[in-house]
Amino acid sequence: MRMIPPHLSPYISEQNYDQYTPIDHAVWRYVMRQNHHALRDTAHAAFVSGLQQSGIQKESIPRVSEMNACLARIGWGAVIVNGLIPGAVFYELLANGILPIAAEIRKLSNIEYTPAPDIIHEAAGHAPILFDPEYRTYVQTIGSIGTKAFSMKERGEAFEALRQLTIVMEDPKSTAEEKAAAQKLVEEKQQAITELTEAEKVSRLFWATVEYGLIGELDNPKIYGAGLLSSVGESKHCFTDAVMKLPYTVDACAASPKVVTEMQSRLFVCHSFEQLLEGVEALANTMAFRIGGTESLEKALRSRNVATIAFNSGICVTGIIQSIEKDSNGEAIYMNTTGGTALSIDHQQLSGHGQDYHATGYGSPIGKLQGGIAIEDCDDQALARLGILQGSHTELPFESGIHVTGRIKSILRNAHHVVLISFEDCSVTCNGKVLFKKEWGTYDLAVGSSIVSAYPGAAAPGAYYSAVVPLAKEEVEPTQSAPPTELETLYQQIRVIREASGAAAQSLQALTEIHNKLNQTYANDWLLRLEMLELAAGNRELQLLELPLQEELLELSKSASIRNLILNGLAVLKFH
């Protein structure tokens with residue numbers, strides 16, 4: 001069973017499968033029938049074949065256990081999450097081969113397009129195309145890179161505003177004023193962002209490719225983005241002249257803000273999945289986790305969140321960066337964290353150097369000793385010449401002006417590198433400024449002449465956060481389900497009739513009664529009429545219902561808001 005670290009557990013949810021209504025299942029069925037029918041000629045071949053390989057059924061909403069079973073064949077899994085989750089959480093799941101699934105399903109009123117994540121988007125959009133190995137590698141790679149992308153506090157506030165907007169837009173009870181206020185808050189929070197962070201660049205690239213990507217020739221592309229594949233409206237809209245098709249480049253994608261409240265007006269077309277992989281690797285080469293240095297430390301500082309700083313010796317410091325001391329050239333020479341901090345090597349936390357020990361923060365110099373000496377490269381003889389011996393009182397003068405003076409308590413090596421020197425009775429100063437006092441206790445100096453990487457999160461998350469928990473929780477039955485509405489009962493009756501075999505005469509009587517009830521009370525319900533027409537079409541004993549149902553649907557299709565939905569449904573039944 002796949003495992004996730006506990007810091008992700010607040011985002012993990014349960015499916016509560018019995019809370020899906022018969023109308024919910026009908027919405028799922030409609031979209032899946034559209035996908036199997038309408039996308040055969042417009043979607044990338046990997047999606048079409050993936051629909052068959054994934055085993056996802058058309059008739060009813062899948063259970064998370066079924067999703068896990070399907071994805072297990074390609075080494076992936078699925079987990080239910082609480083709606084729109086932070087990007088870092090989403091990427092970490094993908095990096096570990098776990099597809100996040102939002103348990104909710106869009107309302108019938110939003111069947112063509114919804115800004116909120118739902119199980120149609122995840123299961124019907126993302127899952128099938130993951131069965132293509134090259135595309136799957138890209139998704140997992142961008143997930144891994146996304147987990148290493150620094151964000152900033154203002155970006156987090158913008159995300160929360162965006163999450164609230166999707167909730168308001170999906171809620172049929174939301175007023176125009178509430179929608180406008182939520183949209184305004186998103187705009188205000190986005191305007192407060194003064195720089196394009198690494199996280200936003202990755203997010204925009206993900207949006208332009210995994211969510212809304214086209215592939216192939218610019219004038220005749222195919223769909224591979226899940227946002228298009230799961231939207232019966234946008235999968236057709238994207239091929240109209242209202243949507244601009246642009247050549248894919250990482251820079252162009254990163255420069256294009258995401259639009260989440262309406263259909264896309266511009267889409268990017270790549271040549272191949274290989275081009276996507278090359279592009280995201282090129283983006284990664286510009287990020288702090290690969291370039292290191294002072295710039296990476298500054299990004300960690302601006303993020304104001306837990307980050308890992310990796311020294312060239314191999315030792316890593318995980319904590320919230322509080323301050324950076326710099327030399328006259330603006331290069332970092334000393335770093336301080338605040339709050340619980342941990343030291344690790346090779347993704348393993350060092351014994352005795354967890355958050356409980358470094359509970360109030362941590363500080364250490366960066367650079368070489370005077371004379372250009374890199375402590376991490378010194379062998380035992382070189383250390384002895386420098387006076388770095390266990391039990392000896394030593395002074396270490398750095399090129400930067402930092403002085404470390406104290407009695408050496410212990411020296412830790414990893415492979416060929418010195419990684420940690422612990423001092424007692426130690427003081428640390430920099431050009432007269434006190435950085436560490438003797439009375440503060442043991443001083444643990446992380447050895448390293450340079451920073452080679454910095455990224456958000458912990459180097460050893462299992463130890464830094466706590467023990468891991470199972471990937472998927474057991475589905476828990478709700479303690480009490482709301483009784484079905486009359487309309488939901490009618491949908492369920494149609495479902496039972498469709499799944500039964502024979503007894504056409506009895507079906508005619510039941511369908512006639514349901515049809516009468518529709519005309520009496522639910523004159524505008526098009527989806528149930530479409531499902532009834534599917535049963536009646538071509539069935540000699542039910543043909544009395546066929547013509548009136550068809551006429552009613554064509555009459556309803558005069559409404560612009562549902563015209564395409566009805567005509568697309570009729571097209572599947574070969575009615576025009």
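Quick caveat: nothing in here was measured; it's all calculated off a predicted structure. In what follows, every heavy atom counts, from backbone to side chain, and hydrogens, waters and symmetry copies are set aside.
- Considering Y248, Y224, Y138 as possible partners of T209, the one that fulfils the side chain to side chain donor-acceptor pair (under 3.5 Å) test is Y138.
- Formation of a donor-acceptor pair under 3.5 Å by the W207 side chain with backbone atoms of C253 is not found in this model.
- The number of heavy atoms from other shown groups lying within 6.0 Å of NE2 (H271) does not exceed 12.
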For Q164 and L185, run side-chain contact (heavy atoms from CB on, under 4.5 Å): C-alpha distance rounded to whole Å, both residues' side-chain angles, the deciding distance at 0.1 Å, then the answer.
-> CA-CA 9 Å; Q164 186 60 34; L185 183 60; 5.9 Å; no
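- Using a 4.5 Å heavy-atom cutoff, the side chains of Y30 and L108 are not in contact.
- Between V259 and S265, the closest side-chain pair of non-hydrogen atoms is not below 4.5 Å.
- The shortest heavy-atom contact between M32 and I56 is CE-CG2, 4.2 Å.
- Counting heavy-atom neighbours within 6.0 Å of E178 CD, excluding the residue itself, gives a total above 12.
- Within a 6.0 Å sphere centred on NZ of K368, other residues, nucleotides and ligands contribute 12 heavy atoms or fewer.
- Between P86 and Y11, the closest heavy-atom pair is CD-CE2, 3.4 Å.
- The OG atom of S144 sits 6.0 Å away from atom CD of Q140, with the distance rounded to the nearest 0.5 Å.
- In this structure, the separation between CG on L228 and CG on L214 is 6.0 Å, given to the nearest 0.5 Å.
- In this structure a side-chain-to-backbone donor-acceptor pair under 3.5 Å is missing from K179 to L165.
- Side-chain contact between H126 and V139: absent, with no pair of heavy atoms (C-beta onward) separated by less than 4.5 Å.
- L297 places none of its side-chain heavy atoms less than 4.5 Å from the side chain of L301.
- For Y135 and F273, the ring centers are positioned less than 6.0 Å apart.
- For the pair N68 (side chain) and A78 (backbone), a donor-acceptor distance under 3.5 Å is present.
- Taking A46 as the reference, H44, I129, D132 meet the side-chain contact (heavy atoms from CB on, under 4.5 Å) condition, with sequence neighbours excluded.
- V306 has its side chain within reach of I320: a pair of non-hydrogen atoms, C-beta onward, lies under 4.5 Å apart.
- Minimum interatomic distance between H237 and A242 (heavy atoms only, all atoms of both residues): CE1-CB, 3.8 Å.
- Using modelled atom types, one finds no donor on one side chain facing an acceptor on the other under 3.5 Å when comparing T147 with E92.
- Side-chain N or O atoms of T341 include none that pairs as donor or acceptor with a backbone N or O of G361 at under 3.5 Å.
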Does the pair V81 and E122 meet the rule for a side-chain contact (heavy atoms from CB on, under 4.5 Å), with working shown?
-> CA-CA 11 Å; V81 296; E122 255 75 87; 5.6 Å; no
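- Remark: the backbone N or O of H417 is not paired with any side-chain donor or acceptor of N414 at under 3.5 angstrom.
- Checking side-chain atoms of E234 against main-chain N and O of Q264 turns up a donor-acceptor pair under 3.5 Å.
- Annotation: the span from N35 atom CG to S231 atom OG amounts to 9.5 Å, rounded to 0.5 Å.
- More than 12 heavy atoms of other residues, nucleotides or ligands lie within 6.0 Å of CD in E278, so this atom counts as buried by the packing criterion.
- Separation of atoms CZ (F239) and OG1 (T42) is listed at 5.0 Å; rounding is to 0.5 Å.
- Contact of the R106 side chain with the I120 side chain is registered, since non-hydrogen atoms from C-beta on lie closer than 4.5 Å.
- Here the CG atom belonging to L267 is positioned 6.0 Å from the SG atom belonging to C238, to the nearest 0.5 angstrom.
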Can L93 and I85 be said to form a side-chain contact (heavy atoms from CB on, under 4.5 Å), step by step?
-> CA-CA 11 Å; L93 291 171; I85 57 176; 4.2 Å; yes
Step by step, would you call K326 with T294 a side chain to side chain donor-acceptor pair (under 3.5 Å)?
-> CA-CA 9 Å; K326 298 180 180 179; T294 300; over 6 Å; no
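- Side chains of M287 and V202 form a contact here, defined as non-hydrogen atoms less than 4.5 Å apart.
- Checked by atom type and distance alone, the side chain of E200 never pairs as donor or acceptor with a backbone atom of T197 at under 3.5 Å.
- The structure places OG of S13 at 12.5 Å from CD1 of I101, a figure rounded to the nearest 0.5 Å.
- Of the possible donor and acceptor atoms, one in the side chain of S303 sits under 3.5 Å from a partner among the backbone N and O of A300.
- Looking at heavy atoms from C-beta onward, L71 lies in side-chain contact with F131 at the 4.5 angstrom threshold.
- Defined by atom type and a distance below 3.5 Å, a donor-acceptor pair is missing between the side-chain atoms of S344 and Y464.
- The heavy-atom pair separating E376 from S449 by the smallest distance is OE2-OG, 2.5 Å.
- Among the candidates D346, L350, I309, the single residue satisfying the side chain to side chain contact (heavy atoms under 4.5 Å, CB included) test with I315 is L350.
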Check the pair M335 / V317 against side-chain contact (heavy atoms from CB on, under 4.5 Å), numbers first and verdict last.
-> CA-CA 10 Å; M335 51 163 278; V317 178; 3.8 Å; yes
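- Side chain of D327 to backbone of N329: a donor-acceptor contact under 3.5 angstrom is found.
- For K107, the NZ atom counts as loosely surrounded, since its 6.0 Å shell holds 12 or fewer non-hydrogen atoms of other residues, nucleotides or ligands.
- G363 approaches N336 most closely through the heavy-atom pair CA-OD1, 3.5 Å.
- Using bins of under 30°, 30° to 60° and over 60° for the plane-to-plane angle, the ring pair F206/F90 lands in the perpendicular bin.
- Although no hydrogens or angles enter the test, the distance criterion places no donor-acceptor pair under 3.5 Å between the side chain of Q349 and the main chain of A342.
- When all heavy atoms of V269 and E217 are compared, the closest pair comes out as CG1-O, 4.0 Å.
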